[in-house]
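Structure first, then comments.
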Amino acid sequence: MTPRIAFTPGEPAGIGPELAVKLACSGRSPDIARAQIVAIADPDLLQQEAARQGKTLQLLPFDPSQPAEASPEGALHCLPVPLAEPAVPGRLNTANGPYVLETLQRAADGCKNRTFDAVVTGPVHKGVINEAGVPFSGHTEFFAEQAGVEKVVMMLAADDLRVALATTHIPLKDVSDAITADSLQQVLTILHRTLQQQFRIEQPRIGVCGLNPHAGEGGHLGREEIDVIEPTLNTLRALGLDLIGPLPADTLFTPPQLARCDAVLAMYHDQGLPVLKFKGFGRAINITLGLPFIRTSVDHGTALNIAGSGVADTGSLNAALSQAIELAQLRTI
Ligand SMILES: NC(=O)C1=CN([C@@H]2O[C@H](COP(=O)(O)OP(=O)(O)OC[C@H]3O[C@@H](n4cnc5c(N)ncnc54)[C@H](O)[C@@H]3O)[C@@H](O)[C@H]2O)C=CC1
Ligand SMILES: NCC(=O)COP(=O)(O)O
């Protein structure tokens with residue numbers, strides 16, 4: 001089976017176009033070379049970037065009615081979406097906000113109707129899409145809405161470390177209210193199930209962080225652990241989940257504790273992701289759990305400060321593609 005993977009390079013003024021051209025023209029691992037990679041993007045944007053890199057890029061027409069065929073070296077298949085205005089590396093332009101959303105929309109539609117076996121996303125700039133007038137907090141929430149699922153889980157992985165998040169893109173002041181017994185139960189159930197079904201871990205052990213310093217210090221530094229987290233973990237333990245915690249995050253993220261866990265659940269974005277990125281930035285992946293289709297992503301943002309300079313590293317994109325391909329192949333077994 002030749003996996004057919006949608007790739008959205010994301011923000012046109014960021015490093016996404018450069019990553020796309022490098023993906024086509026700078027060598028691929030054997031698993032990626034055997035896949036059909038369908039870039040959903042403006043063809044002129046990609047050709048301009050190829051010219052900037054001094055590369056010859058072949059953009060092959062994408063025909064969803066034909067069986068998937070591997071994209072040859074030097075080429076990508078392309079599902080064209082036109083930019084509103086030419087992109088300038090490093091310079092955000094709200095006029096192109098709808099373009100970015102349109103590429104994501106095409107990817108979501110194609111995953112839902114099974115045209116694509118997976119979607120791999122490059123980085124988008126959440127701010128400029130909002131400034132373009134569309135409320136947008138991230139791919140994770142966008143694809144959940146498109147798929148019509150109430151709850152998904154963001155998980156990043158680098159080497160043997162997996163960090164999932166109980167909450168995603170919300171202000172810090174709203175985190176406590178968002179951690180309810182119901183939401184935590186949903187998140188842990190999705191995480192447990194995905195580790196079993198997609199990562200083939202028979203009885204996954206999940207370490208759960210507390211929310212407060214010292215996991216609340218027995219209620220003296222906050223009560224969320226006592227009132228919400230511990231009771232929820234006990235309910236889930238009774239259903240057979242193997243859960244450690246809640247432990248203080250600065251204890252759980254130490255090597256001896258991590259060695260006991262298949263994944264860690266952090267309560268909020270910046271509790272978990274700095275640790276993950278310290279360990280594996282540049283080779284980590286982001287994966288959305290709980291969707292009816294496969295979605296992986298790079299671990300980094302739009303990197304506007306280096307856009308157009310040619311130094312963007314493709315390590316995380318390659319890892320995200322390899323993971324998506326592996327998961328797509330597992331689905332067919
Ligand atoms: N998957 C996504 O769509 C993500 C998007 N973002 C968006 O990215 C925007 C910028 O975020 P920042 O915090 O500045 O993080 P960033 O990851 O864009 O940049 C942080 C630093 O890492 C460097 N860097 C990032 N990727 C690199 C690569 N592939 N090769 C070499 N160097 C690289 C950048 O040059 C910069 O110095 C934010 O507005 C945010 O919305 C952030 C994270 C993930
Ligand atoms: N820091 C990772 C991140 O925020 C990615 O979000 P998303 O766009 O993949 O939802």
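Counting starts at 1 for both ligands and their atoms, following the listed order.
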**OP:** Give the protein residues with at least one non-hydrogen atom closer than 4.0 Å to an atom of ligand 2, ordered by chain and number.
**Re:**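 For ligand 2, the contacting residues are K126, G138, H139, T140, M154, H169, H269, L273, N286, R295.
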Distance-only side-chain donor-acceptor flag, [X] / [Y], under 3.5 Å:
X	Y	result
T94	E131	no
D109	Q105	yes
H220	E217	no
R260	Q257	yes

**OP:** Run through P43, P80, S71 and flag the one making a side-chain contact (heavy atoms from CB on, under 4.5 Å) with L59.
**Re:**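 Answer to the side-chain contact (heavy atoms from CB on, under 4.5 Å) test with L59 among P43, P80, S71: P43.
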Closest approach of any protein heavy atom to [atom], naming residue and atom:
atom	result
atom 4 (C) of ligand 1	K126 NZ, 3.4 Å
atom 29 (N) of ligand 1	D313 O, 2.9 Å
atom 38 (C) of ligand 1	H125 CD2, 4.2 Å
atom 32 (N) of ligand 1	I306 CD1, 3.5 Å
atom 3 (O) of ligand 1	V124 N, 3.0 Å
atom 35 (O) of ligand 1	N305 OD1, 2.8 Å
atom 44 (C) of ligand 1	H300 O, 3.3 Å

Original post:
Any protein heavy atom sitting closer than 4.0 Å to atom 21 (C) of ligand 1?
Top reply: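 No, no protein heavy atom sits under 4.0 Å from atom 21 (C) of ligand 1.
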Original post:
Is atom 12 (P) of ligand 1 less than 4.0 angstrom from at least one protein heavy atom?
Top reply: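 No; the ligand atom in question lacks any protein heavy-atom contact below 4.0 Å.
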Subject >> Carboxylate-amine/guanidinium proximity below 4.0 Å for K279 and D160 >> reply: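 A salt bridge links K279 with D160.
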Original post:
Backbone, side chain, both or neither: what part of S297 comes under 4.0 angstrom of ligand 1, heavy atoms only?
Top reply: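 Side chain only.
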Original post:
Where on I15 is there a heavy atom closer than 4.0 Å to ligand 1, on the side chain, on the backbone, on both, or on neither?
Top reply: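 Only the side chain of I15 comes within reach of ligand 1.
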**OP:** Say whether L241 and V153 are linked into one hydrophobic cluster, either directly or through other cluster members, by side-chain heavy-atom distances under 4.5 angstrom.
**Re:**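 Shared cluster, yes.
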Subject >> Side-chain heavy-atom pair R331, I294 within 4.5 angstrom cut-off >> reply: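 Touching, per the 4.5 Å side-chain cut-off.
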Subject >> Options T140, L273, L304, T302, ranked by nearest heavy atom to atom 8 (O) of ligand 1, top entry >> reply: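 Checking each option, the heavy atom nearest atom 8 (O) of ligand 1 is found in T302.
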Subject >> Option set A303, P123, A320, G301, criterion heavy-atom distance to atom 24 (N) of ligand 1, minimum >> reply: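 Selected option, by shortest heavy-atom distance: A303.
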Original post:
Which of parallel (below 30°), tilted (30 to 60°) and perpendicular (above 60°) describes H139 and F143?
Top reply: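 H139 and F143: parallel rings.
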**OP:** Return yes when A312 approaches ligand 1 closer than 4.0 angstrom through a heavy atom, no otherwise.
**Re:**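 Yes, that is the case, since the closest heavy atom of the residue is under 4.0 Å from the ligand.
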Original post:
Within 45° of the axis and under 6.0 Å from the centre of the six-membered ring of F142, does NZ or CZ of R295 qualify?
Top reply: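 Output no; distance or angle outside limits.
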Original post:
Roughly how far apart are I40 CD1 and L76 CG, rounded to 0.5 Å?
Top reply: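 That separation rounds to 12.0 Å.
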Original post:
Taking the side chain from T8 and the backbone from T103, do they hold a donor-acceptor pair closer than 3.5 Å?
Top reply: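 The answer is no, because no donor-acceptor pair under 3.5 Å joins these two groups.
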